[in-house]
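Read through the structure below, which is laid out as structure tokens, and then see the notes.
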Amino acid sequence: MYPSQLLWKKTAARLPLEVPFPTVRGHPGQPSKDRTRMRMSQYFLPTMKENPAEAQIVSHRLMLRAGLVRQTSSGIYAWLPLGFRVLKNIERIVRQEQDASGAQEVLMPTIQSADLWRESGRYDAYGAEMLRIKDRHDREMLYGPTNEEMITVLFRDGVKSYRDLPRNLYHIQWKFRDEVRPRFGVMRAREFMMKDAYSFHSSFESLEQTYRVMYETYSRIFTRLGLQFRAVAADTGAIGGSGSHEFHVLADSGEDALAYCPTSDFAANVELAEALAPTTPRAVPTETMRNVDTPKQTTCEDVAALLGLPLQHTVKLIALMANDKLNIVLLRGDHSLNEVKVGKLESLADFRFAREDEIRAFFNCPPGFLGAVGIDRAQVRVIADRTVASMSDFVMGANIAKFHTAGINWDRDLPEPDVVADVRNVVTGDASPDGKGTLEICRGIEVGHIFQLRTKYSEALKATYLDENGKAQVMEMGCYGIGVSRIVAAAIEQNFDERGISIPAGMAPFQVAIAPIGIKKSEAVRNAAEQLYAELTAAGIEVLLDDRDERPGVMFADLELIGIPHRIVIGDRGLKEGNVEYQGRKDAQAQSVALQDVSKLVQSKL
RNA sequence: CAGCGUGUAGCGCAGCCUGGUAGCGCACUACCUUGGGGUGGUAGGGGUCGGAGGUUCGAAUCCUCUCACGCUGACCA
């Protein structure tokens, strides 16, 4: 017990009724007058001129420089007033749209018990990403990386009848995943803010219906946030289940590659996007097979350049180990391996790349010159990408150091592949899988993901209800996540310039900034600024008044760095004519506006 | 987890090789100056040199261990 508590216990009974403090009146009452003046002279806003050395990407640099966050440990951040305002603005829009979609907000704990996760079988499966902790009684606990188990148990215990389904609950909460390597600031942090919604249903049709509603809700959320985004079909990954879409904020720095078709609705994560088989049949051989000298050429690019051939005539070999058996994957020289697709092939679920010693043991040849001609096919499985299977007269390593083989043809020079499959990443110009055009590739930052989980968790945790016939049925389940804190970084990646942040108004920490020049010296400027500040504030607008006695350059630089969408500059010079200056954060130039009109002008732009 | 790198004032860095007074720029404080794009000046404050141990008369500097942070890779609802 703390001394203060002790003191309270001792004295509570003897406290006089007339305490020397304002009497606290119970509900109902008037809200306190807001003493938080949005004045920069009062604001905790540590901005920096120089870039912190650890920040690699632009959003991380700007978030640190603009005083939005500070790192406290690897992948763990404190949100400072300005950054917290942005976070709350995003949260507000997410919450409004979730509520409007019919979902109900709950708050679940950050700390969960290990037993809960043992029940679903994920305690061991989740691995080192889960932060495991013990309480004073040595009970095993964990800091929640996600809440499927917890919510499923809430439904299992709370819902018994089909009449009580469907329901959709969501919460906005801090989560923790002990990433091997946190990076990019709050983009890939260990602790992060997430909105998760979970829906439960008595039929798949009901799940699909809610899934569609959530898809639309997400589209509305990201639209309201003012972000350029794209929804794509997604791999379901480790979470399991069937139908799934990811929502990506489009940005060149994005970690995910997205394939989309500009002339149709097709859009998918490259991980998932199907590379169609070539439509033209394999050409008849025209060349004879021969070895060529490639003394230093260990890559397809180098070999093609040396031989004066297009890269599309080369084939690369990738050696994979799965269940202690060697698998050879053949890809066209300009293509890259899609590990997700490979993992879906029979008996390749747990594949890894072969080590160099394993490669040398089988091929008797260093990597860089590996080929599939003349190998002992009894010992390996040869998996050819669809494209490779249709090639003829191609070039591949000779299995002799410093040599490649040209003019190779299937059947004639080596047996047909054991497996022909789609194992490559699609590239720009590939035919769209829906047959309605060709694919483009762009990069995105995943900020939302919706899944049809079906019965994966409800089955494991025995979440059942009684149907119309009084028969126990397993609930259908969906889950829908949004990376709230990541959106701050993603929005900045998409909206910045050389002067700083220029995020959309919907999430900006303040809508309007007033920059009075010479506020100490000029009473006219001071009065005009205060009046305008009061006027805009009264209109319900969040205004930041830069009342610091700073030079204009300093004020402008700070306001542009932190990304206030609208700025009003008040100076003696313009005020003599009754004018002030307005400039939008993304405008090239300022415009002169009459002082009495500026409030209206700004409000028309909000 | 592997490989590499960095830890010196709030931020960016020098000093370390060759041991001997802890420095520079920005930021901060006071005053003057300036007043529409990070003004100019004067005077200041601030550092267990990541930590522990060792070598030495003496360690930011040399040695050993350790911790933290970062980069690349693998990993990643």
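Labels below follow one simple rule: chain letters A, B, ... track the order of the sequence lines, proteins then strands, and each chain is numbered from 1.
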Q) Is A:K195 salt-bridged to A:E91, going by a charged N under 4.0 Å from an acidic O? A) no
Q. Roughly, in whole Å, what's the span from CG in A:L64 to P in B:G70?
A. 11 Å
Q: Cation-pi check, A:R230 to A:Y260: give yes when NZ or CZ is under 6.0 Å from the six-membered ring centre and within 45° of the ring axis, no otherwise.
A: yes
Q: Give one of base, sugar-phosphate or nothing for A:P145, where a contact means two heavy atoms less than 4.0 Å apart.
A: base
Q) Centre of A:F556's six-membered ring, under 6.0 Å away, within 45 degrees of the axis: is that where NZ or CZ of A:R567 sits? A) yes
Q. Whom does B:U29 pair with, Watson-Crick or G-U wobble, provided both distances fall under 3.5 Å?
A. B:A43
(Q) For a quick check of understanding: with a heavy-atom distance under 4.0 Å over all strands, which category does A:R352 fall into, base, sugar-phosphate or nothing? (A) nothing
Q. Just by distance, with hydrogens left out, do A:Y77 and A:Q71 show a side-chain donor and acceptor under 3.5 Å apart?
A. yes
Q.
For A:R122, is there an ion pair with A:E148 - N to carboxylate O distance below 4.0 angstrom?
A. yes
Q) What residues, two or more places apart in sequence or in another chain, satisfy ring pair (Phe, Tyr, Trp, His ring centres under 6.0 Å) together with A:F229? A) A:F222
Q | Gap between atoms CD and P, on A:E129 and B:A74 respectively (whole Å) | A | 15 Å
Q.
One thing to verify: whether A:K586 and A:D497 come together as a salt bridge, which I'm taking to mean a side-chain N less than 4.0 angstrom from a carboxylate O.
A. no
Q | Residues forming a salt bridge (Lys or Arg N to Asp or Glu O under 4.0 Å) with A:R190, sequence neighbours excluded | A | A:D178
Protein and nucleotides 42-51 of chain B: nitrogen or oxygen contacts under 3.5 angstrom:
none

Q.
Rounded to whole Å, please give me the gap between CZ in A:R65 and P in B:C26.
A. 16 Å
Q) So which nucleotide does B:G73 pair with, by the Watson-Crick or G-U wobble rule with both distances under 3.5 Å? A) B:C1
**Q.** Integer-rounded Å distance: B:C75 P and A:Y126 OH
**A.** 16 Å
Q: State whether a side-chain donor-acceptor pair under 3.5 Å links A:E97 with A:T217.
A: no
Q.
Under the rule for salt bridge (Lys or Arg N to Asp or Glu O under 4.0 Å), what residues qualify as partners of A:E50, not counting sequence neighbours?
A. none
Q. Should the pair A:R132 and A:Y143 be classed as cation-pi, given the thresholds of under 6.0 Å to the six-membered ring centre and 45° from the axis?
A. no
(Q) Once you apply a heavy-atom cut-off of 4.0 Å, does A:R486 come out as touching a base, just sugar-phosphate, or nothing? (A) nothing
Heteroatom pairs (N/O) under 3.5 angstrom, protein to nucleotides 32-35 of chain B:
from, atom 1, to, atom 2, distance (Å)
B:U34, O2, A:R551, NH1, 2.4
B:G35, N7, A:K521, NZ, 3.3
B:G35, O6, A:K521, NZ, 2.8
B:G35, N2, A:D549, OD1, 3.3

Q) Does any N or O donor sit under 3.5 Å from an N or O acceptor when you compare the side chain of A:R183 with the base of B:G73? A) no
Q. Using a cut-off of 4.0 Å between protein heavy atoms and nucleotide atoms, how would you tag nucleotides 8-16 of chain B 5' to 3' with B, S and -?
A. ---BSS---
